[in-house]
Amino acid sequence: MQFKHPEILYALFLLLIPIIVHLFQLRKFQKESFTNVAFLKKVTLQTRKSSQIKKWVTLLTRMLLLACVIVAFAQPFTSKNNTFNTTPETVIYLDNSFSMEAKGENGELLKRAVQELIENLDPNDPISLVTNTEVYKNTTLKSIQNDLLQLEYAPNQLPYDAALLKSSKLFRTTANLNRNLIFISDFQVKDNAFSIDKDSFYTIHPIQLKPVNTFNISIDSLSISASTGSNTALQVYLKSNGSSEQHVPISLFDGEKLLAKTTVNIKDQAETEFTLTEKHISNGKIVIEDTSLQFDNTLYFNIAEPTEINVLTIQENASSSYLERLFASDEFELTTTNLNKLNYSIIEKQQLIILNELETIPSSLSNSLTAFMKNGGYVVMIPNSTSEVRNYNTLLGFYGLQIQNAVTTEKRVTRINYSHPIYKNVFEKQESNFQYPKVNTFFPTISASGSSALSFEDAKPFLVINQQLAFFTAALNTENSNFTEYDLIVPTFYNLARQSLQKPKLYYTVGTENSFDIPINLEQDGVLSLENESTNMIPMQQYFNDKVTITTTNLPEIADVYKVKNKETTVSEVSYNYNRQESNLVYQDLSLLTGVDVGNSVADIFETIKSDTKINALWKWFVIFALAFIIIEMLILKYFK
């Protein structure tokens, strides 16, 4: 038992007063003369005994009466924790990720959690609430109830440590606060597991909401498996959490037009292929029929119209036959010119310029290339074995590259940087046993800022790339190298060219950084916008001579096919889809956490918090006891003779 005003208990020393009064009360008896002395002696003895008993009983009731009054004023109470002199503060994290769309015993997990919050929270109690997309600080349920009822699912869930940090920052730093963090989630298995800091200044109450069924089928990804002059093959990949085989209808649309439909048998994974005769699909959509999570039942995509990449080769006496073979497809528009016949006006119209084994680089060309790269163009430099080092270093120096005089010694190209952007997704596995190309003469680098895509056996760079400049440290003619005879040259030059104009992919992922180029010449102060039926936004963009580079991060937020528009004119389409990580309905086992009670419902946790912080006031009982002792004393004085 605790007391709100324990200092009042010092008044219990007042109990000494009735004791002193009763002990030292002097009472004189009046003498009367009677004839029967024996009778009088007996009556006097009985009267004195009764008076003594009555006196002590009265003393006891008065002391108990006074003690009850004093204790009542001290306001006694009982509670599980020392929370009487603290102010309660509640912060709620509500996971509104797509996985909370799964159905529990009483409907969708998120909707049920919102309903239980409304049922168990006092409308006027101060709270703070955090979701993956919103923050409501120092508010009340009454103020945000409509927002909670209309809460939408978010494509990306905050990592657990980030969610805890974000929620904890809403607590006030004031002393004497009883802080409770209610963490509501389904606790899917993530890269970082949910854990609790035992030294935290707040109490965490995890609530794990579990679906009744973890079965879910999702469209995992889409790719173009083959493309010919007349047909395009689309490969669709599906995933399933089910343990038994299921038959899933899958449809291919272009807008509202149904292009194809089939059925797939799936247990864990499955794939199917659609063959298209269309070369351009502006509003593509793959749809499956699944009754579990809905966000992953649709995958948007678009196949853009072919856009040629302009490639310019500048040379003197070197052969460009291998470059003509590499860029012979319809994707590229190759122009080959001799240095002394170069028309400088065509430089700004190119996306990629290849300096093919020039002896020297004229200052006029060097200045033009520098301006070209500042405007987003890409340059590939292939030196001649007799190229002038000082002249080359003038241009290379702008990108942190410097070379020394040529060294004549045979070296093999043995190291491939598989993580480099130009080799990403090129190799199915890292090759370690194949014939390596070689060179006879190369230029050692003094400094090589950037990254080496290809290296010699001694780790010295063969192909180094820094921003818009790619530099081979050796000539590629057949007299000096056999690099052009190896298949490795194809993805190297192909991806260098593709990198110069990043065409929109089949689709991008919402919530990640994405970048693509739109080949267009804008008017002064012109901008491109992304639009769908309900959204119009201006993304971050950078304008160059012949293209606009668009970069998106947090926007757009909704999966769909968006039109890239210049004023009212549609110049391209780009598709966005939600991350499929939420499709995997696998959950953590929170019973392994120590020192914390995990709830299965919002109502249970609020009941636990109320029980832990409940204060049982006892002063009313002591007032009742005091009244009872008053009545007892009155009865004693009246009836006890």
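- A donor atom on one side chain and an acceptor atom on the other are not found under 3.5 Å apart for Asn124 and Thr140.
- A side-chain N or O of Asn532 and one of Asp560 form a donor-acceptor pair less than 3.5 Å apart.
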Exercise. Is there a ring pair (Phe, Tyr, Trp, His ring centres under 6.0 Å) between Phe295 and Phe98 once you walk through the steps?
Worked result: CA-CA 7 Å; Phe295 82 97; Phe98 279 128; 4.3 Å; yes
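- No donor-acceptor contact under 3.5 angstrom links the side chains of Gln542 and Thr549, judged on distance only.
- Looking only at atom types and distance, the side chain of Gln235 has a donor-acceptor partner in the side chain of Glu271 under 3.5 Å away.
- Side-chain atoms of Tyr153 and Glu108 include a donor-acceptor pair closer than 3.5 Å.
- At a cut-off of 3.5 Å, with distance as the only test, a side-chain donor of Asp95 or Gln157 sits close to an acceptor on the other residue.
- No side-chain N or O of Asn241 forms a donor-acceptor pair with one of Asp268 less than 3.5 Å apart.
- Side chain to side chain, Thr90 and Asn180 fail the donor-acceptor criterion of an N or O pair below 3.5 Å.
- Of the possible polar contacts, none joining the Arg498 side chain to the Leu496 backbone as a donor-acceptor pair under 3.5 Å is found.
- Among all heavy-atom pairs drawn from Asn265 and Ala270, the shortest one is O-CB, 3.7 Å.
- Counting only N and O atoms by type, the side chains of Thr272 and Tyr237 include no donor and acceptor under 3.5 Å apart.
- Between Lys547 and Ile520, the closest side-chain pair of non-hydrogen atoms is not below 4.5 Å.
- Side-chain N/O atoms of Glu531 and Asn536 include a donor and acceptor closer than 3.5 Å.
- The minimum heavy-atom distance between Pro206 and Phe194, with the atom names listed, is CG-CE2, 4.2 Å.
- Under the 3.5 Å distance criterion, with hydrogens and angles disregarded, no donor-acceptor pair is assigned to the side chains of Ser185 and Tyr160.
- No side-chain donor-acceptor contact under 3.5 Å links Asn577 and Ser575.
- Across Val571, Val564, Leu528, a single residue satisfies side chain to side chain contact (heavy atoms under 4.5 Å, CB included) together with Val548, and that is Leu528.
- Across Leu209 and Met100, no two heavy atoms sit closer than the pair CD1-CE, 3.8 Å.
- Closest heavy-atom contact between Tyr587 and Asp186: CD2-O, 3.0 Å.
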For this session: Apply the test side chain to side chain donor-acceptor pair (under 3.5 Å) to residues Asn216 and Thr214: give CA-CA distance (whole Å), side-chain angles for both, the deciding distance (0.1 Å), then the verdict.
Result: CA-CA 6 Å; Asn216 181 52; Thr214 59; over 6 Å; no
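- Inspection of the Asn132 and Asn96 side chains reveals an N or O donor paired with an N or O acceptor under 3.5 Å.
- Although no hydrogens or angles enter the test, the distance criterion places a donor-acceptor pair under 3.5 Å between the side chain of Gln208 and the main chain of Gln588.
- Taking the ring centre of Phe253 as origin, the terminal cationic atom of Lys285 falls inside the region bounded by 6.0 Å and 45° from the ring axis.
- Judged purely by atom type and a 3.5 angstrom limit, Arg580 uses its side chain to pair as donor or acceptor with the backbone of Ile219.
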For this session: Before giving the answer on ring pair (Phe, Tyr, Trp, His ring centres under 6.0 Å), spell out for Phe183 and Tyr93 the whole-Å C-alpha distance, their side-chain angles and the decisive distance to 0.1 Å.
Result: CA-CA 5 Å; Phe183 201 99; Tyr93 168 74; 4.4 Å; yes
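- Side-chain contact annotation: Glu513 with Thr553, donor-acceptor N/O pair under 3.5 Å absent.
- In this structure, a donor-acceptor pair under 3.5 Å is absent between the side chains of Thr512 and Thr509.
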